[in-house]
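When a ligand or atom number is given, it counts from 1 through the structure's own listing order. Everything numeric in this text was worked out from a predicted model, so none of it was measured. Note that the numbering runs from 1 along the sequence shown for the chain. Atoms considered below: every heavy atom in the structure, side chains included; atoms not considered: hydrogens, waters and symmetry mates.
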Amino acid sequence: MEKIKIGISSCLLGEKVRYDGSHKWDRYITDTMGQYFEWVPVCPEVEYGLPVPREAMHLVGDPEAPRLVTVRTGIDQTEGMLKWVKGRLKMLEQSDLHGFIFRSRSPSSGIGGVTVYTPSGMPGKKGAGLFGGAFIRSFPLVPAIDDGRLHDPKLRENFIERVFVYRRWKEFLMRGAAAKDLITFHTEHKLLVLSHSPKHLGILGRLVTGVKQYPPVEILSRYITQLTDALWLLATTKKNTNVLLHIIGYFKQHLSAADKKELLEVIDAYHKGYVPLIVPVALINHYVRRFDEPYLKKQHYLNPHPIELMLRNHV
Ligand code: SF4
(Lines give C-alpha, C1' and ligand atoms only; values in the text may rest on other atoms or scores of the structure.)
Protein backbone atom coordinates (compact mmCIF):
# COMPACT_ATOMS: atom_id res chain seq x y z
CA MET A 1 0.00 0.00 0.00
CA GLU A 2 1.15 3.51 -0.76
CA LYS A 3 2.58 5.13 2.35
CA ILE A 4 0.68 8.06 3.85
CA LYS A 5 2.54 11.36 3.71
CA ILE A 6 3.04 13.04 7.07
CA GLY A 7 5.04 16.19 7.75
CA ILE A 8 7.48 16.01 10.64
CA SER A 9 9.98 18.14 12.52
CA SER A 10 13.34 16.92 11.17
CA CYS A 11 14.98 16.48 14.59
CA LEU A 12 12.39 13.80 15.48
CA LEU A 13 13.76 11.64 12.67
CA GLY A 14 17.24 11.79 14.21
CA GLU A 15 18.61 14.59 12.06
CA LYS A 16 21.21 16.57 14.02
CA VAL A 17 19.68 19.97 13.36
CA ARG A 18 18.99 21.30 16.85
CA TYR A 19 20.68 24.47 18.09
CA ASP A 20 23.33 22.41 19.93
CA GLY A 21 23.90 19.93 17.09
CA SER A 22 21.81 17.21 18.73
CA HIS A 23 18.60 15.49 17.60
CA LYS A 24 15.38 14.33 19.25
CA TRP A 25 15.14 10.95 17.55
CA ASP A 26 11.88 9.20 18.37
CA ARG A 27 12.10 5.47 17.73
CA TYR A 28 8.36 4.92 17.82
CA ILE A 29 8.01 7.41 15.01
CA THR A 30 10.77 6.04 12.81
CA ASP A 31 10.55 2.31 13.57
CA THR A 32 6.80 1.72 14.05
CA MET A 33 4.97 4.57 12.36
CA GLY A 34 7.67 4.75 9.69
CA GLN A 35 6.52 1.38 8.30
CA TYR A 36 3.28 2.98 7.16
CA PHE A 37 4.02 6.69 6.82
CA GLU A 38 6.27 8.56 4.43
CA TRP A 39 7.90 11.51 6.18
CA VAL A 40 8.17 15.01 4.81
CA PRO A 41 10.79 16.54 7.14
CA VAL A 42 10.83 20.26 7.91
CA CYS A 43 13.36 22.07 10.10
CA PRO A 44 12.34 25.74 10.05
CA GLU A 45 15.51 27.06 11.65
CA VAL A 46 17.97 25.25 9.37
CA GLU A 47 15.86 25.66 6.21
CA TYR A 48 15.58 29.37 7.01
CA GLY A 49 19.37 29.46 6.91
CA LEU A 50 20.61 29.31 10.48
CA PRO A 51 23.72 27.22 11.11
CA VAL A 52 24.20 24.13 13.29
CA PRO A 53 25.19 24.73 16.04
CA ARG A 54 23.56 28.11 16.63
CA GLU A 55 22.47 30.29 19.47
CA ALA A 56 19.27 29.08 21.16
CA MET A 57 16.13 31.13 20.56
CA HIS A 58 12.93 31.73 22.46
CA LEU A 59 9.62 33.53 22.03
CA VAL A 60 9.14 37.00 23.47
CA GLY A 61 6.21 39.43 23.76
CA ASP A 62 2.59 38.96 22.80
CA PRO A 63 1.65 35.23 22.96
CA GLU A 64 -0.74 35.79 20.01
CA ALA A 65 2.05 37.25 17.85
CA PRO A 66 5.34 36.41 19.56
CA ARG A 67 8.78 37.44 18.36
CA LEU A 68 11.55 34.91 17.79
CA VAL A 69 14.66 36.18 19.51
CA THR A 70 18.08 34.68 20.28
CA VAL A 71 18.40 34.07 24.02
CA ARG A 72 21.88 35.51 24.72
CA THR A 73 22.43 38.24 22.14
CA GLY A 74 18.78 39.25 21.62
CA ILE A 75 18.85 39.10 17.79
CA ASP A 76 15.28 39.27 16.48
CA GLN A 77 14.73 36.68 13.70
CA THR A 78 10.96 37.19 13.47
CA GLU A 79 10.62 39.01 10.13
CA GLY A 80 12.96 36.72 8.22
CA MET A 81 11.45 33.59 9.72
CA LEU A 82 7.87 34.69 8.97
CA LYS A 83 8.83 35.34 5.36
CA TRP A 84 10.36 31.88 5.13
CA VAL A 85 7.29 30.33 6.79
CA LYS A 86 5.00 31.89 4.17
CA GLY A 87 6.98 30.38 1.31
CA ARG A 88 7.34 26.97 2.98
CA LEU A 89 3.62 26.74 3.67
CA LYS A 90 2.96 27.41 -0.02
CA MET A 91 5.26 24.52 -0.92
CA LEU A 92 3.61 22.23 1.64
CA GLU A 93 0.23 22.92 0.05
CA GLN A 94 1.43 20.77 -2.86
CA SER A 95 2.80 18.00 -0.63
CA ASP A 96 -0.46 16.13 -0.05
CA LEU A 97 0.14 15.87 3.68
CA HIS A 98 -2.32 13.85 5.77
CA GLY A 99 -0.91 14.98 9.09
CA PHE A 100 2.03 16.63 10.82
CA ILE A 101 4.06 15.66 13.90
CA PHE A 102 5.75 18.68 15.45
CA ARG A 103 8.53 18.89 18.00
CA SER A 104 6.98 20.11 21.25
CA ARG A 105 8.03 23.28 23.08
CA SER A 106 10.09 24.60 20.15
CA PRO A 107 9.85 28.36 19.48
CA SER A 108 9.82 27.53 15.76
CA SER A 109 8.06 24.16 15.49
CA GLY A 110 5.81 23.99 18.58
CA ILE A 111 2.04 24.09 18.03
CA GLY A 112 1.11 25.12 21.56
CA GLY A 113 2.43 25.17 25.11
CA VAL A 114 5.61 27.04 24.11
CA THR A 115 6.72 29.49 26.80
CA VAL A 116 6.55 33.12 25.66
CA TYR A 117 8.85 35.36 27.70
CA THR A 118 8.04 38.89 28.78
CA PRO A 119 10.37 41.69 27.53
CA SER A 120 11.96 41.65 31.01
CA GLY A 121 12.88 37.98 30.53
CA MET A 122 10.28 36.36 32.78
CA PRO A 123 8.39 33.26 31.54
CA GLY A 124 4.86 34.38 30.64
CA LYS A 125 1.90 32.78 28.88
CA LYS A 126 2.15 29.89 26.45
CA GLY A 127 1.92 30.21 22.69
CA ALA A 128 2.82 28.46 19.45
CA GLY A 129 6.10 28.52 17.53
CA LEU A 130 6.28 30.65 14.38
CA PHE A 131 6.12 27.76 11.91
CA GLY A 132 3.96 25.38 13.98
CA GLY A 133 1.41 28.08 14.75
CA ALA A 134 1.24 29.25 11.14
CA PHE A 135 0.84 25.66 9.90
CA ILE A 136 -2.19 24.88 12.06
CA ARG A 137 -3.80 28.21 11.15
CA SER A 138 -3.20 27.62 7.42
CA PHE A 139 -4.22 23.95 7.37
CA PRO A 140 -6.85 23.57 10.10
CA LEU A 141 -8.14 20.32 8.60
CA VAL A 142 -4.76 18.55 8.55
CA PRO A 143 -4.36 16.47 11.73
CA ALA A 144 -1.51 17.84 13.84
CA ILE A 145 0.11 16.69 17.07
CA ASP A 146 3.41 17.24 18.85
CA ASP A 147 5.76 14.51 20.02
CA GLY A 148 4.85 15.14 23.67
CA ARG A 149 1.18 14.38 23.04
CA LEU A 150 2.06 11.53 20.69
CA HIS A 151 3.29 9.58 23.72
CA ASP A 152 -0.07 9.76 25.42
CA PRO A 153 -1.81 6.56 24.16
CA LYS A 154 -5.27 8.15 23.89
CA LEU A 155 -4.01 11.25 22.08
CA ARG A 156 -1.89 9.12 19.77
CA GLU A 157 -4.83 6.91 18.89
CA ASN A 158 -6.93 10.00 18.26
CA PHE A 159 -4.25 11.42 15.96
CA ILE A 160 -3.94 8.18 13.98
CA GLU A 161 -7.70 7.96 13.62
CA ARG A 162 -7.88 11.56 12.39
CA VAL A 163 -5.14 10.86 9.83
CA PHE A 164 -7.11 7.94 8.38
CA VAL A 165 -10.42 9.79 8.34
CA TYR A 166 -8.73 12.71 6.60
CA ARG A 167 -7.23 10.32 4.08
CA ARG A 168 -10.63 8.81 3.32
CA TRP A 169 -12.03 12.34 2.99
CA LYS A 170 -9.37 13.28 0.43
CA GLU A 171 -10.04 10.07 -1.50
CA PHE A 172 -13.73 10.96 -1.48
CA LEU A 173 -12.91 14.42 -2.88
CA MET A 174 -10.69 12.85 -5.55
CA ARG A 175 -13.60 10.68 -6.65
CA GLY A 176 -15.62 13.82 -7.36
CA ALA A 177 -17.46 14.30 -4.05
CA ALA A 178 -20.96 13.72 -5.41
CA ALA A 179 -23.89 14.28 -3.02
CA LYS A 180 -24.80 10.60 -2.97
CA ASP A 181 -21.20 9.73 -2.11
CA LEU A 182 -21.29 12.18 0.79
CA ILE A 183 -24.27 10.27 2.15
CA THR A 184 -22.31 7.02 1.84
CA PHE A 185 -19.21 8.60 3.43
CA HIS A 186 -21.31 9.87 6.30
CA THR A 187 -23.15 6.58 6.77
CA GLU A 188 -19.90 4.63 6.98
CA HIS A 189 -18.50 6.99 9.62
CA LYS A 190 -21.62 7.26 11.78
CA LEU A 191 -20.51 4.99 14.61
CA LEU A 192 -17.02 6.47 14.58
CA VAL A 193 -18.45 9.97 14.97
CA LEU A 194 -20.85 8.73 17.64
CA SER A 195 -17.85 7.44 19.63
CA HIS A 196 -16.46 11.00 19.65
CA SER A 197 -19.49 13.24 19.80
CA PRO A 198 -23.20 12.36 19.64
CA LYS A 199 -23.88 16.09 19.26
CA HIS A 200 -21.77 16.34 16.10
CA LEU A 201 -23.37 13.20 14.69
CA GLY A 202 -26.68 15.08 14.83
CA ILE A 203 -25.20 18.18 13.18
CA LEU A 204 -23.55 16.14 10.41
CA GLY A 205 -26.73 14.13 9.86
CA ARG A 206 -28.76 17.32 9.38
CA LEU A 207 -26.15 18.65 6.93
CA VAL A 208 -26.29 15.48 4.86
CA THR A 209 -30.07 15.28 4.77
CA GLY A 210 -30.25 18.95 3.78
CA VAL A 211 -27.59 18.51 1.12
CA LYS A 212 -29.68 20.30 -1.53
CA GLN A 213 -30.08 23.46 0.58
CA TYR A 214 -26.49 24.57 0.07
CA PRO A 215 -24.14 24.88 -2.90
CA PRO A 216 -21.94 21.71 -3.08
CA VAL A 217 -18.74 23.57 -2.12
CA GLU A 218 -20.38 24.98 0.97
CA ILE A 219 -21.83 21.68 2.11
CA LEU A 220 -18.44 19.98 1.77
CA SER A 221 -16.72 22.73 3.70
CA ARG A 222 -19.33 22.68 6.47
CA TYR A 223 -19.24 18.90 6.65
CA ILE A 224 -15.47 18.49 6.98
CA THR A 225 -15.25 21.37 9.47
CA GLN A 226 -17.86 19.77 11.72
CA LEU A 227 -16.31 16.33 11.27
CA THR A 228 -12.88 17.68 12.24
CA ASP A 229 -14.37 19.35 15.32
CA ALA A 230 -16.06 16.08 16.28
CA LEU A 231 -12.88 14.03 15.99
CA TRP A 232 -10.97 16.47 18.20
CA LEU A 233 -13.17 15.28 21.06
CA LEU A 234 -11.70 12.11 22.50
CA ALA A 235 -13.59 8.81 22.27
CA THR A 236 -13.95 7.93 25.95
CA THR A 237 -14.83 4.58 27.54
CA LYS A 238 -18.31 5.92 28.29
CA LYS A 239 -18.89 7.04 24.69
CA ASN A 240 -17.52 3.77 23.30
CA THR A 241 -19.77 1.80 25.65
CA ASN A 242 -22.77 3.73 24.35
CA VAL A 243 -21.79 2.87 20.77
CA LEU A 244 -21.38 -0.82 21.64
CA LEU A 245 -24.79 -0.92 23.34
CA HIS A 246 -26.30 0.89 20.36
CA ILE A 247 -24.83 -1.80 18.06
CA ILE A 248 -26.63 -4.58 19.94
CA GLY A 249 -29.89 -3.17 18.56
CA TYR A 250 -28.86 -4.32 15.07
CA PHE A 251 -28.76 -7.95 16.24
CA LYS A 252 -32.13 -7.94 18.00
CA GLN A 253 -33.64 -10.46 15.61
CA HIS A 254 -30.59 -12.71 15.48
CA LEU A 255 -28.99 -13.17 18.87
CA SER A 256 -30.13 -15.88 21.23
CA ALA A 257 -30.67 -14.85 24.85
CA ALA A 258 -27.38 -16.55 25.80
CA ASP A 259 -25.41 -14.79 23.03
CA LYS A 260 -26.88 -11.43 23.97
CA LYS A 261 -26.03 -12.02 27.63
CA GLU A 262 -22.45 -12.90 26.69
CA LEU A 263 -22.11 -9.78 24.53
CA LEU A 264 -23.50 -7.57 27.30
CA GLU A 265 -21.04 -9.11 29.76
CA VAL A 266 -18.12 -8.40 27.44
CA ILE A 267 -19.27 -4.80 26.97
CA ASP A 268 -19.62 -4.44 30.72
CA ALA A 269 -16.08 -5.82 31.20
CA TYR A 270 -14.82 -3.18 28.75
CA HIS A 271 -16.80 -0.48 30.55
CA LYS A 272 -15.21 -1.48 33.85
CA GLY A 273 -11.72 -1.47 32.32
CA TYR A 274 -11.12 -5.24 32.56
CA VAL A 275 -10.65 -5.74 28.80
CA PRO A 276 -9.64 -3.39 25.96
CA LEU A 277 -12.07 -2.11 23.32
CA ILE A 278 -10.80 -4.63 20.78
CA VAL A 279 -12.45 -7.49 22.78
CA PRO A 280 -16.13 -6.43 22.39
CA VAL A 281 -15.34 -5.17 18.87
CA ALA A 282 -13.95 -8.60 17.88
CA LEU A 283 -17.04 -10.35 19.25
CA ILE A 284 -19.35 -7.91 17.46
CA ASN A 285 -17.44 -8.42 14.22
CA HIS A 286 -17.94 -12.15 14.62
CA TYR A 287 -21.72 -11.57 14.70
CA VAL A 288 -21.53 -9.06 11.84
CA ARG A 289 -19.96 -11.77 9.66
CA ARG A 290 -22.26 -14.51 10.89
CA PHE A 291 -25.45 -12.53 10.25
CA ASP A 292 -24.04 -10.56 7.33
CA GLU A 293 -25.32 -7.32 8.87
CA PRO A 294 -25.18 -4.84 5.95
CA TYR A 295 -24.96 -1.55 7.88
CA LEU A 296 -22.44 -2.66 10.49
CA LYS A 297 -20.13 -4.40 8.06
CA LYS A 298 -19.37 -1.05 6.40
CA GLN A 299 -18.73 0.89 9.61
CA HIS A 300 -15.15 2.17 9.91
CA TYR A 301 -15.58 2.08 13.67
CA LEU A 302 -15.68 -1.72 13.50
CA ASN A 303 -13.34 -2.03 10.54
CA PRO A 304 -10.42 0.32 10.93
CA HIS A 305 -7.93 0.12 8.12
CA PRO A 306 -5.49 -2.78 8.83
CA ILE A 307 -2.65 -0.32 9.21
CA GLU A 308 -4.73 1.84 11.50
CA LEU A 309 -5.36 -1.23 13.61
CA MET A 310 -1.66 -2.18 13.70
CA LEU A 311 -0.79 1.28 14.92
CA ARG A 312 -3.56 1.20 17.51
CA ASN A 313 -2.26 -2.12 18.78
CA HIS A 314 0.87 -0.35 19.93
CA VAL A 315 -1.23 1.95 22.07
S1 SF4 B 1 12.40 21.73 16.81
FE2 SF4 B 1 12.04 22.41 14.72
S3 SF4 B 1 13.47 24.08 14.39
FE4 SF4 B 1 14.15 22.98 16.19
S5 SF4 B 1 15.63 21.50 15.41
FE6 SF4 B 1 13.66 20.47 15.48
S7 SF4 B 1 12.83 20.75 13.46
FE8 SF4 B 1 14.49 22.25 13.66
Side-chain angles (χ1 to χ4, degrees), residues 4-34 37-61 63 65-95 97-117 123 125-139 142-152 155-156 159 163:
I4 301 166
K5 274 193 186 174
I6 302 281
I8 188 158
S9 298
S10 308
C11 54
L12 295 174
L13 295 178
E15 292 178 22
K16 294 180 176 173
V17 286
R18 296 188 76 221
Y19 72 98
D20 58 0
S22 68
H23 56 72
K24 277 286 171 185
W25 190 1
D26 187 315
R27 293 268 185 181
Y28 177 78
I29 291 176
T30 55
D31 299 359
T32 302
M33 298 181 86
F37 294 147
E38 177 187 338
W39 306 117
V40 178
V42 180
C43 176
E45 294 177 16
V46 168
E47 291 184 31
Y48 163 53
L50 297 174
V52 181
R54 58 186 171 277
E55 190 182 341
M57 297 191 284
H58 62 187
L59 298 177
V60 179
R67 307 208 60 86
L68 183 65
V69 179
T70 58
V71 175
R72 194 170 44 79
T73 54
I75 298 170
D76 192 328
Q77 300 281 11
T78 314
E79 301 311 326
M81 180 59 93
L82 286 178
K83 199 166 162 218
W84 174 85
V85 165
K86 209 170 156 200
R88 191 66 168 102
L89 291 179
K90 271 232 157 307
M91 283 166 67
L92 286 173
E93 244 174 51
Q94 315 301 322
S95 295
L97 295 183
H98 291 80
F100 206 117
I101 302 173
F102 292 90
R103 169 70 187 142
S104 58
R105 299 192 302 274
S106 157
S108 302
S109 298
I111 50 172
V114 185
T115 303
V116 182
Y117 290 81
K125 289 192 176 156
K126 306 283 184 187
L130 263 53
F131 173 68
F135 183 94
I136 55 173
R137 282 192 298 276
S138 299
F139 306 114
V142 177
I145 194 167
D146 64 37
D147 64 317
R149 291 183 176 90
L150 195 71
H151 288 282
D152 176 314
L155 299 180
R156 180 197 301 171
F159 172 70
V163 167

message: Salt bridge or not between Arg149 and Asp146? Use side-chain N to carboxylate O under 4.0 Å.
response: yes
- line: Rounded to the nearest 0.5 angstrom, the CD1-CZ distance for Ile111 and Phe135 is 9.5 Å
Distance (rounded to the nearest 0.5 Å) between Ile8 CD1 and Glu15 CD: 9.5 Å
query: Should the pair Phe131 and Trp84 be assigned to parallel (<30°), tilted (30 to 60°) or perpendicular (>60°) ring geometry?
result: tilted
query: Counting each atom of ligand 1 from 1 as listed, which ones have a heavy atom of Val17 under 4.0 Å away?
result: 5 (S)
field: Neighbour count >12 (heavy atoms, 6.0 Å) for atom NZ, Lys5
entry: yes
task: Flag Ser9 as yes if one of its N/O/S atoms falls below 2.8 Å of atom 2 (Fe) of ligand 1, otherwise no.
output: no
- request: Only counting residues at least two apart or in another chain, list the ones meeting side chain to side chain donor-acceptor pair (under 3.5 Å) with Arg54.
  value: Glu45
query: Numbering the atoms of ligand 1 from 1, which are under 4.0 Å from a heavy atom of Glu45?
result: 3 (S)
Identity and distance of the protein heavy atom lying nearest atom 4 (Fe) of ligand 1: Ser106 OG, 4.0 Å
query: Of the backbone and side-chain N, O or S atoms of Cys43, does one lie nearer to atom 6 (Fe) of ligand 1 than 2.8 Å?
result: no
query: For ligand 1, which atoms have a heavy atom of Ser10 less than 4.0 angstrom away?
result: 7 (S)
message: Using a 4.0 Å cutoff against the non-hydrogen atoms of Val42, which atoms of ligand 1 qualify?
response: 7 (S)
Closest protein heavy atom (residue, atom, distance) for atom 6 (Fe) of ligand 1: Cys11 SG, 2.3 Å
Nearest protein heavy atom with distance in Å, relative to atom 2 (Fe) of ligand 1: Ser109 OG, 2.3 Å
message: Need the ligand 1 atom indices (1-based, order shown) with element for anything under 4.0 Å from a heavy-atom of Arg18.
response: 5 (S)
- prompt: So, Lys126 versus Thr115: side-chain donor-acceptor pair below 3.5 Å or not?
  reply: yes
task: Heavy-atom distances under 4.0 Å are what count here, so tell me which part of Leu12 touches ligand 1: side chain, backbone, both or neither.
output: neither
task: Over 60° means perpendicular and under 30° means parallel, so classify the ring planes of Phe37 and Trp39, tilted if in between.
output: perpendicular
field: Per-atom contacts of ligand 1 with Arg103, taking only distances under 4.0 Å to non-hydrogen atoms
entry: 1 (S)
